[in-house]
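Only one structure is covered here, and it is reproduced in the block below.
In the text below, chain A, chain B and the rest are named by the order of the sequence lines, each starting its count at 1.
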2 protein chains.
Amino acid sequence: MLNEADTFFKMLADSTRLRCLLLMQAEGELCVCEFSHALNLSQPKISRHLAHLRQSGVIIARRSGTWMHYRINPELQGWALEILQTTLDGVSHTEPFVSDRKILTSMNKRPELECCA
Amino acid sequence: MLNEADTFFKMLADSTRLRCLLLMQAEGELCVCEFSHALNLSQPKISRHLAHLRQSGVIIARRSGTWMHYRINPELQGWALEILQTTLDGVSHTEPFVSDRKILTSMNKRPELECCA
DNA sequence: TAATTATATACGTATAACCATATATATGGT
DNA sequence: ACCATATATATGGTTATACGTATATAATTA
């Protein structure tokens, strides 16, 4: 997918998806429970949006045990990757993005940070 | 408007609006008849999308006689302006953007290029 | 004032997007 | 096999978006 530029922007046009994307852009790989905790949104809601992002090719997934880890697709076209970074730089100091990162980094029992990566 | 980043991306998430925006980003100020001609889309369709872009603050308008000239809002936040340029650079060599510009520049009787700017 | 050109809006409809809740699957451990 | 945890999907309802067509407004000119 992602032949069409407007498809890429559709993925950024929902606040839940944008928060997830910028969290990944800032922090790298994250799993569903981390998104759910950081954004304080239900697991099905997060999961559905991540599935959406994955289907459109913006992110990729990796399973590790029961955890699914998601990250920005490094094979995205250069301009798309650049836009993600520009957006992060532009809005990372504003809400809700500040809180999202803060809550994430203060989360304990994060899967990635334990044994099982 | 445009407090919210996802609102900005919503504006880019429709192919008609994206084509109009990139045409403005590339060519500067344009009027409705030029969009309608270049994209080969009906006047009401173009006009409605431009109104949408204007309401969200992404573009601004200037009247000159019967013509309405639209252009990218120069007071957009820096990151938003940067994204428009990055997008243009990234996709301007692909369809439908190539054709749009080609048809625009080969259009005769363009208002801006005559007396009445 | 009437006609013409350029643009904007209104109306009805179709489709798509999002949501909350409930349930299903998948993995690992006992 | 059973249970617990992590994640995914399905269902039904609500709202938002986009569309084509018709019509309205706004400015210009005769």
Side-chain angles (χ1 to χ4, degrees), chain A residues 1 4 6-20 29-56 58-71 107-117, chain B residues 1 4 6-20 29-56 58-71 107-117:
Chain A
M1 300 259 170
E4 308 287 349
D6 57 279
T7 304
F8 174 67
F9 290 120
K10 268 196 185 72
M11 290 303 107
L12 313 202
D14 174 90
S15 84
T16 301
R17 286 196 297 270
L18 187 59
R19 290 165 76 188
C20 290
E29 203 176 49
L30 294 171
C31 74
V32 178
C33 59
E34 291 174 310
F35 291 115
S36 187
H37 182 266
L39 311 197
N40 192 31
L41 292 172
S42 76
Q43 175 270 319
K45 179 166 176 168
I46 295 290
S47 190
R48 191 163 15 83
H49 280 295
L50 290 172
H52 208 169
L53 286 167
R54 189 185 183 185
Q55 283 170 349
S56 67
V58 179
I59 64 175
I60 58 176
R62 176 178 68 88
R63 180 178 282 283
S64 163
T66 54
W67 288 275
M68 286 294 290
H69 297 272
Y70 290 95
R71 67 181 200 276
M107 176 183 182
N108 49 7
K109 294 186 294 180
R110 290 178 62 186
E112 183 65 25
L113 304 180
E114 297 189 356
C115 52
C116 51
Chain B
M1 299 258 170
E4 308 287 347
D6 58 279
T7 303
F8 174 67
F9 290 120
K10 268 196 185 71
M11 290 302 106
L12 312 202
D14 173 271
S15 85
T16 301
R17 286 195 297 269
L18 187 59
R19 290 165 76 187
C20 289
E29 203 176 48
L30 294 171
C31 73
V32 178
C33 60
E34 290 173 311
F35 292 114
S36 187
H37 182 266
L39 311 196
N40 193 30
L41 293 172
S42 76
Q43 175 270 320
K45 180 166 175 168
I46 296 290
S47 188
R48 193 158 14 82
H49 280 295
L50 290 172
H52 208 169
L53 286 168
R54 189 185 184 185
Q55 282 171 349
S56 67
V58 180
I59 64 175
I60 58 176
R62 176 179 69 87
R63 180 179 283 282
S64 164
T66 55
W67 288 274
M68 287 294 291
H69 297 272
Y70 290 95
R71 67 181 200 274
M107 176 183 181
N108 47 7
K109 293 186 294 180
R110 291 178 62 187
E112 184 65 27
L113 304 181
E114 297 189 358
C115 52
C116 52

> If you check every side-chain atom of Gln43(B), which of dA8(C), dC19(D), dA8(D) has the closest atom?
Replying inline: dA8(C)

Those residues that, when tested against [X], pass salt bridge (Lys or Arg N to Asp or Glu O under 4.0 Å) (two or more places apart):
X        : answer
Arg19(A) : Asp100(A)
Arg63(A) : none
Arg54(B) : none

> For Leu41(B) and Ser36(B), what are the C-alpha separation, side-chain angles and deciding distance, and is it a side chain to side chain contact (heavy atoms under 4.5 Å, CB included)?
Replying inline: CA-CA 5 Å; Leu41(B) 293 172; Ser36(B) 187; 5.6 Å; no

Distance, rounded to the nearest Å, where [X] contributes [atom1] and [N] contributes [atom2]:
X        : N       : atom1 : atom2 : result
Leu53(A) : dC18(C) : CG    : P     : 10 Å
His37(A) : dT7(D)  : NE2   : C1'   : 17 Å
Met68(A) : dA26(C) : CE    : P     : 12 Å
Asn40(A) : dA20(C) : CG    : C1'   : 15 Å
Ile46(A) : dA20(C) : CD1   : C1'   : 14 Å
Glu34(B) : dT7(C)  : CD    : P     : 9 Å
Leu50(A) : dA6(D)  : CG    : P     : 16 Å
Trp67(A) : dA4(D)  : CH2   : C1'   : 12 Å

> Distance check: side-chain N/O of Tyr70(B) vs OP1/OP2 of dA6(C), anything under 4.0 Å?
Replying inline: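 No, Tyr70(B) has no side-chain N/O under 4.0 Å of OP1/OP2 on dA6(C).
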
> If we only count heavy atoms from C-beta on, is the Leu30(A) to Arg110(A) side-chain gap below 4.5 Å?
Replying inline: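 Leu30(A) reaches Arg110(A) side chain to side chain.
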
>> Within the structure provided, determine whether Cys33(B) and Gln43(B) are in side-chain contact (heavy-atom separation under 4.5 Å).
In response: no

> Which residues pass the side-chain contact (heavy atoms from CB on, under 4.5 Å) test with Ser15(A), sequence neighbours left out?
Replying inline: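 With neighbours one apart ignored, the set is Asp6(B).
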
> Mind checking what makes side-chain contact (heavy atoms from CB on, under 4.5 Å) contact with Ser42(A), not counting sequence neighbours?
Replying inline: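 For Ser42(A) the side-chain contact (heavy atoms from CB on, under 4.5 Å) partners, ignoring immediate neighbours, are Pro44(A), Lys45(A).
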
>> Would His69(B) and Cys31(B) count as a side chain to side chain contact (heavy atoms under 4.5 Å, CB included) here? Give the steps.
In response: CA-CA 4 Å; His69(B) 297 272; Cys31(B) 73; 4.0 Å; yes

Strictly under 3.5 Å: I want the nitrogen or oxygen pairs between protein and nucleotides 16-18 of chain D, one per line.
from, atom 1, to, atom 2, distance (Å)
dA18(D), OP1, Arg17(B), NH1, 3.4
dA18(D), OP1, Arg17(B), NH2, 3.0
dA18(D), OP2, Arg17(B), NH1, 3.2

> Between the two end axes of the helix from dT1(C)-dA30(D) to dT30(C)-dA1(D), each built from 5 base pairs, what angle do you get to the nearest 10°?
Replying inline: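 About 10°, once rounded to a multiple of 10°.
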
> Would Leu12(B) and Arg17(B) count as a side chain to side chain contact (heavy atoms under 4.5 Å, CB included) if you check the C-alpha gap in whole Å, the side-chain angles of each, and the deciding distance to 0.1 Å?
Replying inline: CA-CA 6 Å; Leu12(B) 312 202; Arg17(B) 286 195 297 269; over 6 Å; no

> Once the angle between the rings of Phe35(A) and Tyr70(A) is folded into 0 to 90°, is it parallel (under 30°), tilted (30 to 60°) or perpendicular (over 60°)?
Replying inline: tilted

Under-3.5 Å N/O pairs linking protein and nucleotides 27-30 of chain C:
none

